[in-house]
Structure formats: C-alpha cells, structure tokens
There are 2 protein chains.
Amino acid sequence: MSVKRNTWQKDAVRHALSEAIGFVGAQQLHQVLRNHGSTIGLATVYRALADLATNGDADSLQSQDGELLYRACTTDHHHHLICRSCGLTLEIEAERVEAWADEVAAAQGFVNPTHTIDIFGTCSACHERNIA
Amino acid sequence: MSVKRNTWQKDAVRHALSEAIGFVGAQQLHQVLRNHGSTIGLATVYRALADLATNGDADSLQSQDGELLYRACTTDHHHHLICRSCGLTLEIEAERVEAWADEVAAAQGFVNPTHTIDIFGTCSACHERNIA
DNA sequence: CGCGGTATTGACAATCATTATCAATAACCC
DNA sequence: GGGTTATTGATAATGATTGTCAATACCGCG
C-alpha cells in the first residue's frame, strides 16, 4: 500500500497555488516556481496538482483553449462567470444551484456528487467594443 | 471578404452530428463518417464543427479528459449527470437553473449568455461494486 | 454550358498540454 | 545510520487540435 510522503516539492506547489490569484495552469505554475529559483520539475508540478485536486485541496476546470486550470480550495464554494472575449472572470454565488445539483444526483442514486457550473457570456465592455 | 460555399463535406458533418446521440468528439465523428464510406478529412471535420459552433448551430463542451465535444443544437436544452466510474450519462432537466444562469449573467451586464452545467458522481451500480 | 477566381479540402507536419517511463534520489520507519 | 520504497525529474511518448499548402471544386458570370 502506498504511504504518502511529504516533500518540499509538494509544499512548494501547494504554497504557490495558494499565492496565485484565481485559476492557474500547471505550466504557468511551473514557470513561477522556476522564476523563484526552484528546480522543481514540470512532471512533479502536474502530479502535485492532480493530488491536490484528488484530495479536495484544489478545484480544477478547463479553460476555453483546453488547458487544465487549478485553484486553491477555499471553504466557500463558488462558480464563475467568464467573458468569452476578454477572459474577465467574476465569482458568483450559487447556493440555490448547489442544492439542486445534489438533489438531482441523489434522485438518480448517484453518490458523492460534484459539479461543474460555469456561465459564459460577453461582458458589457467587450460587447460595446464589438458594436463600435 | 469571404463568401461561404456549400460543400457536401459540411452537410455530411452537420448531418452526422444531428444523427449522433448526445455529445460527440471530432475524432469520433470522423470515424463514423469514414465507416459510412465517406472520404472526408479529419481537418475538415474539425473546421466544420468549429464553424457550426460559431454559427450557433452546435454546442460544445470539454470532456473530462480534455476532448472537445459537440452536439447539434436542439430547441430542448438539457444537461448531464455522469458517472465518474463507468461513464453512464443521464440527461437531466434544469429549467430552474437555466433561468438562474441567465439572471446572473444579466445582473453583471453580460450578454448572450451560455453555460455548462454538468454533475458528476458515482452511480449506484459502481458504488456497490466498490464496496463489495 | 464553360471559365475563372477563390474558398475549401485533405494529407501531413507542427504544436501544445499532459502522461508514461525509469533510473536516481530522498523520506520515513526501525 | 540503513534499508525500503515513494517520489522526483529529464525525456520520450501520446493524443487532440491547428497550421501548411498544393490540388480541388464551388459559384457567379458571361
């Protein structure tokens, strides 16, 4: 059986992620760490992030261009409203929907439900720019 | 300026997509077309799907493993409840949530809102198998 | 109906994020 | 400290998607 070991690499990734603002990609996080003098490997960053996500210490979602993004998990769970054009991201509350999602899952006999809810649109600034 | 032309390839993709059940990947759709004797190229399938999505004739979302999936746009809009373990997919109604999503987007000044709402969980069969 | 300009196609190469490989390293229990 | 083995990291492999570009075929026009 596998016994988890603590390494400075995992701590570094966890720390870097908690410092990051919003969602960050693995490649991006790796660059940040290298820029700070770390010699951590890219594959290790990927593994550490996957672990964090598995353990529920990080959330993940896919960006529009297919990159997997991570965010340090905070106690308050929320979702995103994202501008298709400029990428502006707003956090939104979704209490009503949280409950609904769990209900639906339970009604079909599904256990341990999670969900991805993201709303895309064109923010007012981008919309006006397109008209002008 | 570019003038759109109608080709049998675009029709083939549009048709294949409308025949498909649920969401389909570009690679998968390409295989289906080839199996039906078509000589259409993979790149063309990608381009046709991208066009359909741009024109609002198709919806797209990213699967868990990073593949881009498309679905013919129908009037009835629904979402999915997906088993993490066996991939079983159930369609779910989400009227309450549709309205909520549009409200939230509008409240922040976003126009032309779309959303991705998917619920993941472990279906009862897979859950029992894991226990046994 | 045939012609010409050009949008479109398709085979293939290139790209990019992510995952697998595997020898070397270092964490942890004793 | 020493041995076991989880973990690391350089690199290769994977797989979806996009770029390239000559060849093709669509469509308006005569």
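Within every chain, numbering begins at 1; the chains are lettered A, B, ... in the order of the sequence lines, protein sequences first and strands thereafter.
- What separates CH2 of B:Trp8 from P of D:dC27 is a distance of 14 Å, to the nearest Å.
- Remark: A:Lys10 is in phosphate contact with D:dT7, judged by side-chain N or O atoms under 4.0 Å from OP1 or OP2.
- Residue B:Thr7 places none of its side-chain N or O atoms closer than 4.0 Å to OP1 or OP2 of C:dT8.
- One interatomic measurement links the two molecules: CD of B:Glu67 to C1' of C:dT18, which rounds to 14 Å at whole-angstrom precision.
- Taking side-chain N and O atoms only, B:Tyr46 has no distance below 4.0 Å to OP1 or OP2 of D:dT18.
- Taking side-chain N and O atoms only, B:Gln27 has no distance below 4.0 Å to OP1 or OP2 of D:dG15.
- In plain terms, the two heavy atoms of A:Asp57 and A:Arg14 that are nearest each other are OD2-NH1, 4.2 Å.
- With the nearest nucleotide of DNA chain D identified for both B:Ala26 and A:Gly41, A:Gly41 has the one nearer the 5' end.
- Atom NE2 in A:His15 sits 11.0 Å away from atom CG in A:Leu17 (nearest 0.5 Å).
- Across D:dT17, D:dT7, C:dG10, the shortest atom-to-atom separation from the side chain of B:Leu68 is found for D:dT17.
- Out of D:dT8, C:dT18, D:dT4, the shortest distance to the side chain of A:Arg5 is found at D:dT4.
- Considering CD of B:Glu98 and CD1 of B:Ile117, their distance stands at 6.0 Å, rounded to 0.5 Å.
- For the pair B:Gln9 CD and C:dA11 P, the computed distance is 11 Å after rounding to whole Å.
- Nearer to the 5' terminus of DNA chain D, by closest-nucleotide assignment, is the contact made by A:Ala48 (compared with the other of A:Ala48 and B:Arg47).
- Taking only side-chain atoms of A:Asn6, from C-beta outward, the nucleotide of C:dC28, D:dG9, C:dG10 with the closest atom is C:dC28.
- Looking at A:Tyr70 and A:Gln28, their side chains never bring a donor and an acceptor atom within 3.5 Å of each other.
- Rounded to an integer number of Å, the gap from B:Leu33 CG to C:dG10 C1' is 14 Å.
- Residue A:Ile40 comes nearest to A:His30 through the heavy atom pair O-NE2, 3.1 Å, listed as atom of the first residue, atom of the second, then distance.
- Between the CG atom of A:Leu42 and the C1' atom of D:dG9 there is a distance of 10 Å, rounded to whole Å.
- When rounded to the nearest whole Å, the span between CG of B:Leu29 and P of D:dA16 equals 14 Å.
- Atom CG of B:Asp11 and atom P of C:dT8 are 13 Å apart (whole Å).
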